[in-house]
2 protein chains.
Amino acid sequence: MNRIDAILQQKSVRITPMRQLVLKHFLQEDAVLGLNELEETFQKSDRITIYRTLKTFEEKGIIHSIQNGVSEVKYALCKEHCEEQHHIDRHPHFHCLVCGSIECLESVLLPPTILPQGYSASEIKMNIKGRCKKCQG
Amino acid sequence: MNRIDAILQQKSVRITPMRQLVLKHFLQEDAVLGLNELEETFQKSDRITIYRTLKTFEEKGIIHSIQNGVSEVKYALCKEHCEEQHHIDRHPHFHCLVCGSIECLESVLLPPTILPQGYSASEIKMNIKGRCKKCQG
DNA sequence: CAATTCATGCAATGGTATTGCATTGTTAGC
DNA sequence: GCTAACAATGCAATACCATTGCATGAATTG
Ligand SMILES: [Mn+2]
Ligand SMILES: [Mn+2]
Ligand SMILES: [Zn+2]
Ligand SMILES: [Zn+2]
């Protein structure tokens, strides 16, 4: 069994052509992708099916969502060991205001945050806007 | 001059009935509010005018936006000294998954984040989901 | 007061997110 | 293998939310 199918199976996601296609693309590109880009890439495929594939992948812990607050929701592969309904993505997301690129800062660990008494967190997301490495100077 | 007008003037926002109304409401409620809620509150007012009031307030450093990724964009008063085009809100936002409330955790300071070499940040936002104080137990 | 700039109201549009439903494909019990 | 149950897909429709255009009215400035 190839890597694509292995991941799908391990995450309890039924193996279908569409899902193989999308997961393969994420693995190959290792990029942050949104519905529109994927629709462009897979022109023959139905937009809604891609949409539901993304939702399923997110739900099952294969990808995680990134909201930049400007355009549509983006997604990237979970590198850590995420499970169904339980993501443990402890890295911030960077949105370059110059070139528009969005990336996972995998190397940066989210610093521990002390919540006020009585609060408990199940998800913490950090979004950073600024200039990326390529757009500096 | 009253407090409302003083703030508007200090932030270089022309004083109008709509703006007085919205700012007064934010000050009174001290809450996180979205366009829909404000439209409900000011039923006689035009939705678009409220919309543009929020955009203006944000631009001028009177309120800051909060994206929970679920519903519409919410807004809250800037407590720190924000200026036009330059917000310095260094606190996370909490979204309770039980009661749905959204609040500014003013007491929590955003921990310093070390970016990878070559990156520079102009805005950092942290969004936390979980159970709020009221919904614990 | 005249010229200009700004705010408002209403209509229209753009874009993204989400659902309904009929059809097709897949799985699992018999 | 056959059939019932279940899941995925494709297409259409809808629901929201965000944003813009334009005509009108109000305020400001010199
Ligand atoms: Mn990421
Ligand atoms: Mn806040
Ligand atoms: Zn860049
Ligand atoms: Zn709560």
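The figures that follow rest on heavy atoms only: side chains count, while hydrogens, waters and symmetry mates do not.
Contact record, A:E103 with A:V32: CA-CG2, 3.9 Å, taken as the closest heavy-atom pair. Contact detail for B:I63 and B:H87: the closest heavy-atom pair is O-CE1, 3.0 Å.
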Please list, pair by pair, any protein nitrogen or oxygen found under 3.5 Å from a nitrogen or oxygen in nucleotides 15-18 of chain D.
residue	atom	partner	partner atom	Å
D:dC17	OP2	B:N36	ND2	3.1
D:dA18	OP1	B:V73	N	3.0

N/O-N/O pairs, protein side and nucleotides 4-9 of chain D side, under 3.5 Å:
residue	atom	partner	partner atom	Å
D:dA7	O4'	A:R14	NH1	3.2
D:dA8	OP1	A:R19	NH1	2.7
D:dA8	OP1	A:R19	NH2	2.9
D:dT9	OP1	A:T16	OG1	2.9

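Taking B:E37 as the reference, B:K74 meet the salt bridge (Lys or Arg N to Asp or Glu O under 4.0 Å) condition, with sequence neighbours excluded. With sequence neighbours excluded, no residue forms a side-chain hydrogen bond (donor to acceptor under 3.5 Å, both in side chains) with B:H86. B:K60 meets the side-chain hydrogen bond (donor to acceptor under 3.5 Å, both in side chains) test with B:E84; sequence neighbours excluded. By the side-chain hydrogen bond (donor to acceptor under 3.5 Å, both in side chains) test, A:E58 pairs with A:S65, sequence neighbours left out. For B:E106, there are no side-chain hydrogen bond (donor to acceptor under 3.5 Å, both in side chains) partners, not counting sequence neighbours. By the salt bridge (Lys or Arg N to Asp or Glu O under 4.0 Å) test, B:D46 pairs with no residue at all, sequence neighbours left out.
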For residues 90-99 of chain A, tabulate all N or O donor-acceptor pairs below 3.5 Å that involve a side-chain atom, not counting sequence neighbours.
residue	atom	partner	partner atom	Å
A:H91	NE2	A:H64	NE2	3.4
A:H91	NE2	A:H93	NE2	3.1
A:H93	NE2	A:H64	NE2	3.1

Side-chain donor-acceptor pairs of residues 128-137 of chain B under 3.5 Å, sequence neighbours excluded:
residue	atom	partner	partner atom	Å
B:K129	NZ	B:N68	O	2.9
B:R131	NH1	B:C135	O	2.8
B:Q136	OE1	A:S120	OG	3.4
B:Q136	NE2	A:G118	O	2.5
B:Q136	NE2	B:R131	O	3.4

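Atom CD in B:Q20 sits about 14 Å away from atom C1' in D:dA26, given to the nearest Å.
Place B:S45 and A:I48 on DNA chain C by their nearest nucleotides, and B:S45 ends up nearer the 5' end.
In this structure, A:M18 is a member of the same hydrophobic cluster as A:V13, with clusters built from ILVMFWY side-chain heavy atoms closer than 4.5 Å. By the rule that hydrophobic residues join a cluster once side-chain heavy atoms approach within less than 4.5 Å of another member, B:I66 and A:V70 end up as members of separate clusters.
First and last contacting nucleotides of DNA chain C toward chain A (any atom under 4.0 angstrom from a heavy atom, 5' to 3' order): C:dT16 to C:dT27.
Defining each end axis of the helix from C:dC1-D:dG30 to C:dC30-D:dG1 as the rotation carrying four pairs' C1' atoms onto the next four, with five pairs an end, the two axes are found to diverge by 30° to 10 degrees.
Under the 4.5 Å side-chain criterion, counting only non-hydrogen atoms from C-beta, A:R19 is in contact with A:F57.
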